[in-house]
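Read through the structure below, which is laid out as structure tokens, and then see the notes.
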Amino acid sequence: MIAGRTGKLPSGIQDFEGLINDGYRYVDKTEHLYNLTNNGKYFFLSRPRRFGKSLFLSTLKAFFLGKRELFEGLAITRHEDITWEKHPVLYVDLNVENYKALEVLTAKLNLFLCNWEKIYGKDENEVSLGSRFEGVIRRAYEQTGLKAVILVDEYDKPLLEAIGNTELQVAFRDTLRGFYSALKSMDAYIEFAMLTGVTKFGKLNVFSGLNNLTDISMDGRFADICGITEKEMLDNFEDKIKAMAEANDMSYDECVEKLRKMYDGYHFEENAIGVYNPYSLLNAFGQNKFGKYWFDSGTPTFLVKLLMNREYNLEQLSHESVVADEISAIDHDFANPIPVIYQSGYLTIKDYDPDLEQYILGFPNREVEEGFVKRLMKSFIDFEATNTPFNVAAFVKDVRAGETDQFIDRLRSLFADTPYELIKDLENHYQNILWLLFRLMGFYTHAEYHTSRGRIDLLVKTPLYIYVMEFKLDGTAEEAMAQINSKEYSLPFTVENQTVVKIGMNFSKETRNIEKWVIE
């Protein structure tokens with residue numbers, strides 16, 4: 001009996017055989033499995049953490065072990081050309097380990113090899129990790145008469161944990177490269193191979209020599225190979241949506257709309273269908289609450305540090321433009337933080353400009369945006385450490401009510417307690433703080449807003465007011481206001497129903513705060 005549209009929710013379940021046998025629900029991805037195994041031999045897939053990569057590899061494992069009974073009623077069984085042969089499967093799972101030293105990685109790989117060698121034997125002349133892997137692959141074929149299948153889950157976990165440690169990064173890279181080289185040298189004995197990870201370290205040569213490795217991370221045919229489409233959600237979890245709607249005093253349609261805003265929106269190719277985050281979706285159904293489950297399951301501390309160290313203009317996160325080569329691979333020094341942020345799932349493809357061959361990136365959904373903005377804000381200003389408590393509710397109330405002098409006074413008290421070491425590029429720092437703060441409060445916020453006459457430093461819209469802000473650093477507030485007026489920054493918004501408020505503001509390097517402001 002297969003898992004289907006009823007049964008237990010598979011939250012955290014990564015083993016396909018256990019999922020089916022224990023009566024969990026299964027969102028059928030087996031048609032992708034069939035198409036994948038009939039369109040090549042060596043594949044690489046990058047997807048964010050907790051997105052279903054492990055479950056898909058486990059499904060591949062069951063398929064190549066010939067366990068047809070597990071697939072009864074699933075899409076793949078419609079194909080009569082499948083032989084369901086039992087191949088030797090060599091499964092490498094690098095998830096469960098803390099890779100703080102090279103010895104940890106080599107011990108992990110050695111454990112896999114020892115277990116395989118107990119089955120297929122060992123040649124004493126095989127000493128290195130790579131040569132032992134080659135021997136296992138060859139003997140697996142010789143003893144079974146069928147070519148080996150190699151599946152590697154989270155190949156990049158050691159590399160990610162060594163970020164910031166160049167020496168260890170290089171050692172991990174060289175070790176993994178030697179190990180994976182068996183995939184090329186033993187090609188004649190391999191039926192299929194797939195490696196998955198969060199990131200693709202394109203310039204680290206981890207896959208040196210594997211020029212036949214097909215990267216399907218941005219292949220539209222496999223865009224929903226992991227994750228859950230809206231159709232899959234509606235088909236498989238209708239009862240859970242109804243229960244969640246009832247628990248939150250919502251209609252069915254209102255519940256679907258909120259689920260869409262919270263967890264949908266991941267696009268892994270410019271024309272691809274969007275997918276929901278499976279981890280958050282299943283947890284939301286399990287608890288009947290709209291929580292930040294995926295975001296809270298892992299803190300993006302390193303990514304936040306990257307943005308701060310690069311003095312990145314944070315407003316660009318909501319509409320960053322990059323070319324394909326920039327987001328498909330990353331290098332060891334992370335000179336550009338955007339590729340790793342995209343591959344980690346905190347940004348996704350929002351649009352594509354074919355003329356410029358540029359992808360427009362942005363936050364995939366409300367869960368990620370709110371979580372990431374809050375995490376960034378905590379890094380830029382530690383509210384708990386400030387001497388003068390910043391009253392968030394009062395600040396929001398002032399902004400909504402048009403009490404401009406009052407909310408600027410509150411900003412001054414906040415800036416006065418900002419630790420000196422947090423501030424590098426003063427102008428960018430102030431702009432980032434203001435963008436984060438207004439965005440955190442739920443207001444429409446746009447930094448460096450382009451008009452026909454120039455760029456507005458910060459634009460904030462509330463139901464009743466539109467704030468047009470211009471900043472100067474060691475200039476004057478009057479100069480800032482003169483620029484707003486001479487370039488008619490407020491003109492595009494005079495036809496809207498809200499009241500337009502112009503604010504010219506000067507920051508002082510000496511006091512590291514707002515020195516003066518002018519309002520019109």
Side-chain angles (χ1 to χ4, degrees), residues 15-17 29-46 53-71 74-94 109 112-113 115-123 126 129-155 176-197 206-217 219 221-222 225-226:
D15 175 53
F16 175 75
E17 183 170 356
K29 299 290 185 180
T30 60
E31 188 65 26
H32 279 310
L33 187 155
Y34 178 81
N35 292 332
L36 192 68
T37 55
N38 282 274
N39 278 281
K41 185 173 180 178
Y42 297 94
F43 294 95
F44 170 78
L45 174 68
S46 168
K53 300 186 297 295
S54 298
L55 178 58
F56 188 77
L57 284 186
S58 178
T59 310
L60 278 166
K61 178 182 177 180
F63 171 76
F64 279 111
L65 287 175
K67 297 186 177 184
R68 191 190 189 287
E69 70 279 6
L70 298 175
F71 295 85
L74 298 179
I76 197 169
T77 58
R78 295 195 297 262
H79 299 280
E80 298 180 356
D81 57 328
I82 300 175
T83 59
W84 296 98
E85 294 176 317
K86 184 179 179 180
H87 289 266
V89 176
L90 307 177
Y91 199 104
V92 179
D93 184 357
L94 297 179
L109 297 177
F112 290 123
L113 290 166
N115 289 335
W116 298 332
E117 287 166 344
K118 289 177 183 178
I119 302 171
Y120 302 111
K122 180 179 180 180
D123 187 330
E126 297 164 359
L129 295 172
S131 64
R132 290 171 64 193
F133 195 16
E134 289 175 340
V136 167
I137 295 170
R138 183 182 64 256
R139 287 189 295 275
Y141 169 72
E142 291 171 346
Q143 294 174 25
T144 65
L146 292 172
K147 295 180 179 181
V149 171
I150 299 166
L151 305 173
V152 181
D153 196 8
E154 303 294 0
Y155 90 96
L176 290 171
R177 182 171 57 189
F179 184 74
Y180 295 139
S181 64
L183 272 68
K184 183 174 183 179
S185 60
M186 292 291 107
D187 177 70
Y189 306 101
I190 296 174
E191 176 72 18
F192 180 89
M194 186 169 187
L195 297 85
T196 70
V206 176
F207 304 127
S208 179
L210 291 181
N211 50 12
N212 53 352
L213 189 68
T214 302
D215 184 358
I216 61 169
S217 305
D219 187 328
R221 296 173 299 170
F222 304 105
I225 197 169
C226 294

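None of these values were measured; they are calculated from a predicted model.
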Working to the nearest 0.5 Å, report the span between CD of E31 and CZ of R78. 5.5 Å

Sorted by first residue and then second, give each side-chain hydrogen bond (donor to acceptor under 3.5 Å, both in side chains) pair with at least one member in residues 32-41; sequence neighbours left out. H32-D224, Y34-D81, K41-D187

Please report the shortest heavy-atom distance between L65 and K86, naming the atom on each side. O-CG, 3.5 Å

Looking only at the aromatic ring of each residue, does the gap between the centers of F16 and F71 stay below 6.0 angstrom? yes

When rounded to the nearest 0.5 Å, the distance separating CG of D215 from CZ of F43 is 11.0 Å

How far apart are the closest heavy atoms of A182 and G130, and which atoms are they? CB-O, 4.2 Å

Given side-chain contact (heavy atoms from CB on, under 4.5 Å), test F112 with L94 step by step and report yes or no. CA-CA 10 Å; F112 290 123; L94 297 179; 4.2 Å; yes

Which atom pair, heavy atoms only, marks the closest approach of I137 to L90? CG1-CD1, 3.8 Å

Derivation and outcome, side-chain contact (heavy atoms from CB on, under 4.5 Å), residues T77 and R68: CA-CA 8 Å; T77 58; R68 191 190 189 287; 3.7 Å; yes

Can you tell me how far CD of E134 sits from CG of L183, rounded to the nearest 0.5 angstrom? 10.0 Å

Where is the tightest heavy-atom contact between R132 and E126, given as atom of each residue plus distance? CG-O, 3.5 Å

Any idea which heavy atoms bring E191 and K147 closest together, and the distance? N-CB, 3.4 Å

With sequence neighbours excluded, residues passing ring pair (Phe, Tyr, Trp, His ring centres under 6.0 Å) with F133: W116, F179

Expected output: side-chain Q143 to main-chain Y120 donor-acceptor under 3.5 Å: yes

Nearest heavy-atom contact between L45 and I225 is CD2-CG2, 3.8 Å

Among all residues two or more places apart in sequence or in another chain, which pass the ring pair (Phe, Tyr, Trp, His ring centres under 6.0 Å) test with F63? W84

Going by heavy atoms in the side chains, are V149 and L60 under 4.5 Å from each other? no

Could you give the distance from CD (E69) to CD (E17), rounded to the nearest 0.5 Å? 7.5 Å

To the nearest 0.5 Å, tell me how far L33 CG sits from F222 CZ. 10.0 Å

Decide side-chain contact (heavy atoms from CB on, under 4.5 Å) for T59 and K29; before the verdict, give the C-alpha distance in whole Å, the side-chain angles of both, and the deciding distance to 0.1 Å. CA-CA 9 Å; T59 310; K29 299 290 185 180; over 6 Å; no

Run the side-chain contact (heavy atoms from CB on, under 4.5 Å) test on L195 and Y180 for me, step by step, so that the C-alpha distance in whole Å, both residues' side-chain angles and the decisive distance to 0.1 Å come before the verdict. CA-CA 10 Å; L195 297 85; Y180 295 139; 4.0 Å; yes

Quick check for you: to the nearest 0.5 Å, what is the distance between D153 atom CG and F56 atom CZ? 12.0 Å

Would you say F44 and S217 make side-chain contact, with heavy atoms under 4.5 Å? yes

